[in-house]
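Here is the structure we will look at, set down as structure tokens.
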Number of protein chains: 2
Amino acid sequence: MRDEKKQRRQEAILLEALKLFTERGYFNTSVSDIQSGANLSVGTLYNYFKNKEAIAVTLFSNIENCLYENLCEIERKYDNVYDRCRAIVLHLFDTTERNSDSMQYLFYTKHREVVPVEKSVFVSLPFLKMREMVLNGQKSGDIRKMEPHVAMVTLFGGPVRMIYLRIDGVLEKPLPAYFEECWDSAWRGVRA
Amino acid sequence: MRDEKKQRRQEAILLEALKLFTERGYFNTSVSDIQSGANLSVGTLYNYFKNKEAIAVTLFSNIENCLYENLCEIERKYDNVYDRCRAIVLHLFDTTERNSDSMQYLFYTKHREVVPVEKSVFVSLPFLKMREMVLNGQKSGDIRKMEPHVAMVTLFGGPVRMIYLRIDGVLEKPLPAYFEECWDSAWRGVRA
DNA sequence: GTCTATATGACGATAGAC
DNA sequence: GTCTATCGTCATATAGAC
């Protein structure tokens, strides 16, 4: 069969799974829910993925890699920690508005509950990249001398919390409306 | 039967459930796991709780109420936003060390996945109390004029993120070791 | 590759004896 | 109140025809 069609079907499965996982959660979604939503049969689905868990893992890894690519691009585009981290937060806010499901899945999924033995989100590629940027910012003197983990949470903890608020429907306005004030406040916490 | 014994059994169920829910998650824990861990039979367990969901709800509500009490006590003890919020973060850090399971359950559980229709954590009693304190702090002029939600996440987003790091085993040292620096950084973000 | 039909097993919850 | 035994349901995954 044409590879093109195969890919379309794979993506249909992943898309439907993403929708259902964020809507009702991994454990409240059955394989048959995904299968019918993606317009194919159970047998076919199991031809594309070994099992339900594999769908979740592929999904998570895709989103994670995509974010990592974006972070690398931001790193190339800007040359200092302020501009870089500012762009990251803006990117996260925008993505949450444009592609809410992805962000919700990335941030809200207790991935270790789905995949028995799984590393913490905090040692994932995107996280490490952000950490690297912050460490460089400390070396250059733009960010105060402080415990690196504390610097990380001070800079990104607020914005990330803001994303949770938005996903939970607490904020009336879209995230970008709060961006300038939120970023400014976060930066005040770490600037030299 | 003596009320005392009834209460002991009820607590045994809740304690075992808390342990298992945090260890492997709600959906990976069966009623029979809880029952055997709490040293009683299935039938007896169902005499104490209507169903599995009720256990999770009671647990969540207990922890939430307990935290709310503590926040109220802190509010009575201090008379300004700086001292109050400082005490809150310290309390959260201490509790995470002393009673990791409770905090993990409170912070990490996707409660809406367990209980179909459930309000967001962000409109829970403890959250609203914290919000009230921050709003008063803005009125008194200790905290800068800014969107209240942004003030909330700037002040507590970092510390809460720190708790996640600790629960996930990323931090080598216990949380109190990071407290002063973490609180100082958070406050810098909102102070007038 | 894709489908339908089904095996297998687990789990939540109840019945009914004591 | 407490137990053991069991029922009904449903979800994952596979078998086997096309």
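Below, chains carry the letters A, B, ... as their sequence lines are ordered, and counting in each starts from 1.
Annotation: side-chain contact (heavy atoms from CB on, under 4.5 Å) contacts of Cys66(B) (sequence neighbours excluded): Asn70(B). Take Asp33(A) and apply the side chain to side chain donor-acceptor pair (under 3.5 Å) test, not counting sequence neighbours, and it matches Arg24(A), Ser30(A). Taking Glu53(A) as the reference, nothing meets the salt bridge (Lys or Arg N to Asp or Glu O under 4.0 Å) condition, with sequence neighbours excluded. Scored by the side chain to side chain donor-acceptor pair (under 3.5 Å) test, Asp94(B) finds no partners at all (sequence neighbours excluded).
In this structure, the side chains of Tyr48(A) and Leu14(A) stay at 4.5 Å or more apart for every pair of heavy atoms. Residues Ser185(A) and Val150(B) form a side-chain contact, since some pair of their non-hydrogen atoms from C-beta on lies under 4.5 Å apart.
Atom-to-atom, CG of Asp33(A) to P of dA11(D) comes out at 7 Å; the value is rounded to the nearest Å. Atom CG in Leu45(B) sits about 15 Å away from atom C1' in dT4(D), given to the nearest Å. Rounded to an integer number of Å, the gap from CG of Leu40(B) to C1' of dT2(D) is 9 Å. Counting to the nearest Å, the C1' atom of dC11(C) and the CG atom of Leu20(B) are 15 Å from each other. Between the CD atom of Glu4(A) and the P atom of dG1(C) there is a distance of 14 Å, rounded to whole Å. If you measure from atom CZ of Phe49(B) to atom C1' of dT14(C), you get 18 Å, rounded to the nearest angstrom. Note: NZ (Lys50(B)) to P (dA13(C)) measures 8 Å, nearest angstrom. Distance Asn28(A) CG to dC11(C) C1': 14 Å, rounded to the nearest Å.
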Verdict with reasoning, Arg144(A) to Asp184(B), per salt bridge (charged side-chain N to carboxylate O under 4.0 Å, His left out): CA-CA 12 Å; Arg144(A) 286 170 23 232; Asp184(B) 177 61; 3.8 Å; yes
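The phosphate of dT2(D) has OP1 or OP2 within less than 4.0 Å of a side-chain N or O from Arg9(B). OP1 or OP2 of dT2(C) has at least one side-chain nitrogen or oxygen of Tyr48(A) nearer than 4.0 Å.
Each of Tyr82(B), Tyr178(B), Phe93(B), Phe156(B) was scored for a ring-ring contact (aromatic ring centres under 6.0 Å, His included) with Trp183(B), with one residue passing: Tyr82(B).
Ring pair His111(A)/Phe60(A): centre-to-centre distance below 6.0 Å.
Side-chain proximity of Asn47(B) to dC3(D), dT2(C), dT2(D): nearest is dT2(D).
Within residues 51-62 of chain A, the residues having any heavy atom under 4.0 Å from DNA chain D are, by residue number, Asn51(A), Lys52(A).
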Under 4.0 Å protein heavy-atom contacts per nucleotide of nucleotides 4-10 of chain C, with B for base, S for backbone only and - for none: B------
